[in-house]
S.K.: 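Please see the structure below; I have some questions.
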Amino acid sequence: MARLLIVDDALFMRIMIKRALEGSGHEIIAEGENGRMAIDLYNEHSPDLLLMDITMPDMDGITALKELHAQHPTARVIICSALGQGNKVKDALASGARDFVVKPFTPARLLDAVNKALL
Amino acid sequence: MASDLVTPFVQAGSEVLDQLAGVTAEQGEVVARTPLFATQAVSIILGVSGALKGQVIYGMSEATAAKLTSIMMGTPEAPFDGLTASAMGELGNIISGGAMALLFQAGYQCDLTQPTIVNGTGVDIATKTPAVVAPLETPYGRIDVNIALATA
């Protein structure tokens, strides 16, 4: 069982992510709404994996991903965004994301990405 | 406005409504908006920057927003609240994200702002770039996709 942190500014999407991972054996330990909260909550909880959106207020997900990897080079992060165009995917993966899940996603796609990132 | 800027939103809108809500949407006639236009009760507004600049505004009735939220959440219909706003904001975000991917393939590299959701009747909107509206007719009401984009 892994301890997961979810960061997305949309309450609806945080609920959908939690539902998708229900019954998977993983535990959602905290939720945040922007990139700054992602870094703060990561430092507070040391999760096994962070699931994070890109377009968020205060600090976007790519900036947070870069800052987080500067502090924690082995941090496991999956970007989960509606912005699935090639340049965004490349930028996220080059910045250290383990995977890029494009919204809308199926629960199976999300769970597969989570389990592979945890290997 | 060139049709190559409208088609990605209609295509993404149809696909996302099907994927998220199992709703089949039929495209209505695309028409030009007057410079100042009235929206439906619920408006989801996203800014576009990069190779294209402007706004995309999704308009629908409160009843349509309530029904779509109910289907997407798998919960009973409820009055408009923060969760409805979040669900409709994310619907607009995901449709627009899909449209951005199609526009990227056509050579337009763009970014989106977070959605702003407005709920209220009698709201007039003016956009710097004249908008066109591409209606998507669903079994639960019409969704107006107002596209006000110009090349940078």
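Convention: sequence-line order gives letters A, B, ...; per-chain numbering from 1. Please read these numbers as outputs of a predicted model, since none were measured by experiment.
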S.K.: Hey, quick one: are Leu41(A) and Ile29(A) part of the same hydrophobic cluster, counting side-chain heavy atoms closer than 4.5 Å, chains of contacts allowed?
M.R.: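 Leu41(A) and Ile29(A): separate clusters.
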S.K.: Do you know the tightest heavy-atom contact between Glu90(B) and Ala10(A)?
M.R.: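 The pair with the smallest heavy-atom distance is OE1-CB, 3.3 Å.
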S.K.: Give the cluster check for Leu103(B) versus Ile57(B): same hydrophobic cluster or not, with ILVMFWY residues linked at side-chain heavy-atom distances below 4.5 Å.
M.R.: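 Result: no, two separate clusters.
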S.K.: Should the heavy atoms of other residues, nucleotides or ligands under 6.0 Å from CD of Glu29(B) be counted, would the total exceed 12?
M.R.: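 Counting neighbours around CD of Glu29(B), 12 or fewer heavy atoms of other residues, nucleotides or ligands fall under 6.0 Å, so no.
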S.K.: Starting from Val133(B), can I reach Val56(B) by hopping between I/L/V/M/F/W/Y residues whose side chains sit under 4.5 Å apart?
M.R.: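 Not linked; separate clusters.
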S.K.: Looking only at non-hydrogen atoms, find the nearest pair between Gln19(B) and Pro104(A) and report the distance.
M.R.: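 Here Gln19(B) and Pro104(A) meet closest at OE1-CG, 3.7 Å.
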S.K.: Within this structure, what is the CG-NZ distance for the pair Leu112(B) and Lys88(A), rounded to the nearest 0.5 Å?
M.R.: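 Separation between the atoms: 9.0 Å.
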S.K.: Following the transitive rule for hydrophobic clusters with a side-chain heavy-atom cut-off under 4.5 Å over Ile, Leu, Val, Met, Phe, Trp and Tyr, establish whether Ile71(B) and Phe105(A) coincide in one cluster.
M.R.: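 In one cluster with Ile71(B): Phe105(A), yes.
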S.K.: Run through Asp60(A), Asp9(A), Asp53(A), Asn34(A) and flag the one making a side chain to side chain contact (heavy atoms under 4.5 Å, CB included) with Gln114(B).
M.R.: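 That would be Asp9(A).
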S.K.: Check each atom of Met88(B) against the heavy atoms of chain A and say whether the ones under 4.5 Å are side chain, backbone, both or neither.
M.R.: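 No part of Met88(B) comes within 4.5 Å of chain A.
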S.K.: First locate atom CZ of Phe12(A), then atom OG1 of Thr84(B), and finally report the distance between them rounded to the nearest 0.5 Å.
M.R.: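 So the CZ of Phe12(A) and the OG1 of Thr84(B) are separated by 11.0 Å.
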S.K.: When you measure from the side chain of Thr55(A) to the backbone of Thr113(B), do you find a donor-acceptor pair of N or O atoms at a distance under 3.5 Å?
M.R.: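 Not at all, since once roles are kept as given, no pair shorter than 3.5 Å links the two residues.
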S.K.: CG/Asn93(B) to OG/Ser81(A) distance, rounded to the nearest 0.5 angstrom?
M.R.: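 Nearest 0.5 Å value for the CG-OG distance: 7.0 Å.
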S.K.: Any heavy-atom pair between the side chains of Met13(A) and Ile94(B) that's under 4.5 Å?
M.R.: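 They are in side-chain contact.
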S.K.: Considering non-hydrogen atoms only, spot the tightest contact between Gly74(B) and Arg19(A) and give its length.
M.R.: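 Looks like N-NH1, 4.4 Å.
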S.K.: Go through the atoms of Ile54(A) and report whether side chain, backbone, both or neither lie under 4.5 Å from a heavy atom of chain B.
M.R.: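 When you check distances to chain B, no heavy atom of Ile54(A) falls under 4.5 Å.
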S.K.: Give the cluster check for Tyr108(B) versus Leu102(B): same hydrophobic cluster or not, with ILVMFWY residues linked at side-chain heavy-atom distances below 4.5 Å.
M.R.: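 Per the 4.5 Å side-chain linkage, Tyr108(B) and Leu102(B) are not co-clustered.
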S.K.: What is the minimum heavy-atom distance between Met100(B) and Leu83(A), and which atoms define it?
M.R.: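 That closest heavy-atom pairing would be CG-CD2, 4.1 Å.
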S.K.: Which bit of Met16(A) is near chain B, if near means a heavy-atom gap under 4.5 Å: side chain, backbone, both or neither?
M.R.: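 The side chain, not the backbone.
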S.K.: Taking all heavy atoms of Leu11(A) and all of Ser86(B), pick out the closest pair and write down the distance.
M.R.: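 Nearest pair, atom of Leu11(A) first, then Ser86(B): N-OG, 3.0 Å.
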S.K.: With chain A as the partner, which of Gln109(B), Gln105(B), Glu15(B) has the greatest number of non-hydrogen pairs under 4.5 Å?
M.R.: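 The option with the most such pairs is Gln109(B).
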S.K.: Which answer fits Asn87(A), side chain, backbone, both or neither, if we ask what part of it has an atom under 4.5 Å from a heavy atom of chain B?
M.R.: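 When you check distances to chain B, atoms from both the backbone and side chain of Asn87(A) fall under 4.5 Å.
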